[in-house]
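One structure is given below, encoded as structure tokens.
Order of listing sets the numbers, starting from 1, for every ligand and every atom in it.
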Amino acid sequence: MHHFAYKEGELHAEDVPIGDIADAVGTPFYVYSSATLERHYKVFAGAFDGVPSGVFYSVKANSNLAVIRTFADLGAGADIVSEGEMRRALAAGVPADRIVFSGVGKTRAEMAAALEAGVLQFNVESEPELEALSEIAVARNATAPITIRVNPDVDAETHPNISTGRSDNKFGIPWSRARDVYARAAALPGIEVVGADVHIGSQITQLAPFEAAFRRVAELVYDLREDGHKIDRLDLGGGLGIPYDTGEPPHPDDYAAMVKRVVGNIGCTLQFEPGRMLVGNAGLLVCRIIYVKQGESRTFAVLDGAMNDLMRPALYQAHHDILPVREPAADATRAPVDLVGPICESTDTFATNREMPLLAADDMLVFCTAGAYGAVMSSTYNTRPLVPEVMVRGDDFAVVRDRMPVDDILALDRLTPWQEAGARRGAA
Ligand code: LLP
């Protein structure tokens with residue numbers, strides 16, 4: 001469900017014609033619908049009405065301040081994996097005591113900053129991390145509330161690059177060692193055990209892998225309580241997958257029904273860290289065609305957007321639906337085309353042999369379902385500035401990130417002192 005549709009022959013974001021935004025900010029740009037963001041949040045959070053629970057929006061999916069604020073205004077907390085993300089969450093108005101700090105490589109400086117801010121909990125992923133966190137907390141006269149992320153060795157049946165719950169993934173503490181590690185945690189002076197945590201991967205489109213993981217963790221919760229630990233919180237990790245292509249992942253209500261069945265009576269506050277399902281289809285990447293060029297055997301549409309703006313096709317061979325901004329006639333001739341960016345790599349290909357209505361230079365296209373892991377994963381490769389992000393609400397829109405000036409990219413570089421000296425000598 002989203003709020004992008006053709007009206008009077010042109011694609012709109014809510015009530016705003018995409019062309020109006022393009023006139024204001026140029027292309028490429030990302031556009032987000034606040035109505036879609038809000039709806040997704042309400043559907044997910046609403047599915048757990050009456051259950052002691054908290055939704056911690058996984059900021060990594062889209063960390064624009066306006067996006068985080070949209071969820072914060074609805075009562076969401078934040079799931080963060082770096083000090084940078086913590087600062088974004090705080091700046092967007094998420095209170096520190098609604099922030100959970102996940103991630104396999106928290107540095108000591110990041111732990112100190114998070115303790116200073118007073119985050120709700122650390123989801124710890126290894127024994128060395130536990131020891132370091134205890135030391136940092138003791139040095140600050142503080143105690144760090146923790147859960148331990150256990151790796152349940154369950155196959156999430158998703159793309160291998162985003163599967164995290166197998167024993168050969170770098171994430172979490174091996175299932176077999178969980179009780180020992182909890183015992184160590186309880187003995188450390190700077191640590192307070194508050195719960196358990198599991199996350200098996202992203203873009204999971206079936207309930208079975210979640211259920212298998214949650215059952216294992218539920219068993220563990222009982223074992224841990226027997227061992228004398230107070231396990232009040234159960235963090236169940238990221239959210240459901242979303243439809244990029246064909247197929248319809250389970251509805252949040254079905255997910256919630258399964259969660260309630262499996263861990264509803266365990267006596268824990270349930271915590272969720274959804275990212276993709278809240279923001280994914282609330283965003284589009286809008287590009288313009290620079291050239292249409294005829295190869296020997298195929299046609300290429302060369303866009304002004306590239307793999308540095310939307311990495312998912314290059315990185316995961318991900319499918320994104322692509323729509324022309326001008327609505328094609330129902331009987332428009334369609335032909336296969338390769339949609340590519342200007343970057344000097346063959347992986348800079350968004351789609352091959354995609355059936356599209358006939359395209360011409362200057363036409364605008366949108367990549368659908370680009371709200372999650374789109375703008376956040378972009379880079380300045382080929383010294384291409386990061387593109388603007390725009391938020392729409394009804395018939396209003398606002399730029400929520402400016403296009404990065406190329407001067408700002410250059411300003412971070414320096415010549416070496418000896419090059420500067422050489423340049424001065426050369427000038428003399
Ligand atoms: N919690 C933890 C500990 C995570 O590692 C993740 C995602 C989430 C929550 C949010 O998961 P979600 O609800 O979004 O599925 N760049 C990849 C996705 C990487 C996901 C990493 N972790 C992509 O574009 O598909």
Side-chain angles (χ1 to χ4, degrees), residues 37 40-41 43-45 54-63 67-68 71 76-82 85 89 99-106 121-126 129 147-152 156-166 169-173 195-207 209-210 213 217 234-245 249-250 252 255 259 270-283 285 307 309-320 350 367 369-379:
L37 295 172
H40 287 329
Y41 182 84
V43 168
F44 185 80
V55 179
F56 300 83
Y57 166 56
S58 195
V59 163
K60 65 167 78 67
N62 185 323
S63 56
V67 172
I68 304 175
F71 296 132
D79 163 52
I80 57 142
V81 290
S82 68
E85 284 191 351
I99 294 179
V100 299
F101 194 172
S102 302
V104 74
K106 305 173 193 78
Q121 80 198 28
F122 294 81
N123 293 338
V124 172
E125 299 223 16
S126 68
E129 181 190 338
T147 73
I148 288 175
R149 175 170 173 183
V150 288
N151 184 325
E157 292 167 41
T158 180
H159 191 285
N161 293 14
I162 50 175
S163 170
T164 58
R166 293 302 301 267
N169 295 135
K170 70 180 173 184
F171 300 97
I173 275 166
D197 172 40
V198 65
H199 170 79
I200 58 170
S202 192
Q203 186 50 21
I204 301 171
T205 52
Q206 301 160 62
L207 292 179
F210 285 117
V217 181
L234 184 53
D235 185 331
L236 297 175
L240 289 163
I242 58 175
Y244 283 96
D245 196 353
Y255 172 82
V259 167
L270 303 179
Q271 301 174 318
F272 303 97
E273 304 169 351
R276 189 192 309 266
M277 66 183 296
L278 298 186
V279 291
N281 67 5
L285 173 64
M307 64 188 276
D309 302 309
L310 177 64
M311 288 255 295
R312 303 193 70 259
L315 201 54
Y316 316 114
Q317 301 72 50
H319 172 100
H320 287 263
F350 292 113
F367 290 88
T369 333
Y373 307 109
V376 279
M377 289 176 70
S378 54
S379 76

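Ring planes of Phe272 and Phe44: perpendicular class, angle over 60° (limits at 30 and 60°).
In terms of polar-atom proximity, defined here as any N/O pair under 3.5 Å, Arg149 makes no such contact with ligand 1. Among the atoms of Leu240, none of the N or O lies under 3.5 angstrom from an N or O of ligand 1. Among the atoms of Arg312, some N or O lies under 3.5 angstrom from an N or O of ligand 1. Between Pro274 and ligand 1, not a single N/O pair is under 3.5 Å apart.
Counting the atoms of ligand 1 from 1 in the order shown, those under 4.0 Å from a heavy atom of Asp79 are 1 (N), 9 (C). Atom numbering of ligand 1 starts at 1 in the shown order; those under 4.0 Å from a heavy atom of Gly275 are 12 (P), 13 (O), 14 (O). When each atom of ligand 1 is checked for a heavy atom of Glu273 under 4.0 Å away, the hits are 1 (N), 2 (C), 3 (C), 8 (C), 9 (C), 10 (C), 13 (O). Each of the following atoms of ligand 1 lies closer than 4.0 Å to a heavy atom of Met377: 16 (N).
Residues forming a ring-ring contact (aromatic ring centres under 6.0 Å, His included) with Phe56 (at least two apart in sequence, or on another chain): none. With sequence neighbours excluded, no residue forms a salt bridge (charged side-chain N to carboxylate O under 4.0 Å, His left out) with Glu273.
Side-chain atoms of Tyr41 and Tyr57, non-hydrogen and from C-beta on, never get closer than 4.5 Å to each other.
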Evaluation steps, side-chain contact (heavy atoms from CB on, under 4.5 Å), between Thr369 and Ile242: CA-CA 9 Å; Thr369 333; Ile242 58 175; 3.4 Å; yes
| query | Could you go step by step and tell me if His199 and Phe171 meet the ring pair (Phe, Tyr, Trp, His ring centres under 6.0 Å) rule? | reply | CA-CA 9 Å; His199 170 79; Phe171 300 97; 7.7 Å; no
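Residues Asn123 and Glu125 have side chains that never bring a donor and an acceptor to within less than 3.5 angstrom of each other. For the residue pair Ser102/Arg149, the side-chain donor-acceptor check at 3.5 Å is not satisfied.
Here the shortest heavy-atom distance to atom 12 (P) of ligand 1, taken over Ala372, Ser202, Gly201, Ser58, belongs to Ser202.
Contact annotation: for Met277 versus ligand 1, there are no heavy atoms closer than 4.0 Å. Contacts between Asn123 and ligand 1 below 4.0 angstrom, taking non-hydrogen atoms only, are absent altogether. Proximity of Arg276 to ligand 1, defined as any heavy-atom pair under 4.0 Å, is shared by backbone and side chain alike.
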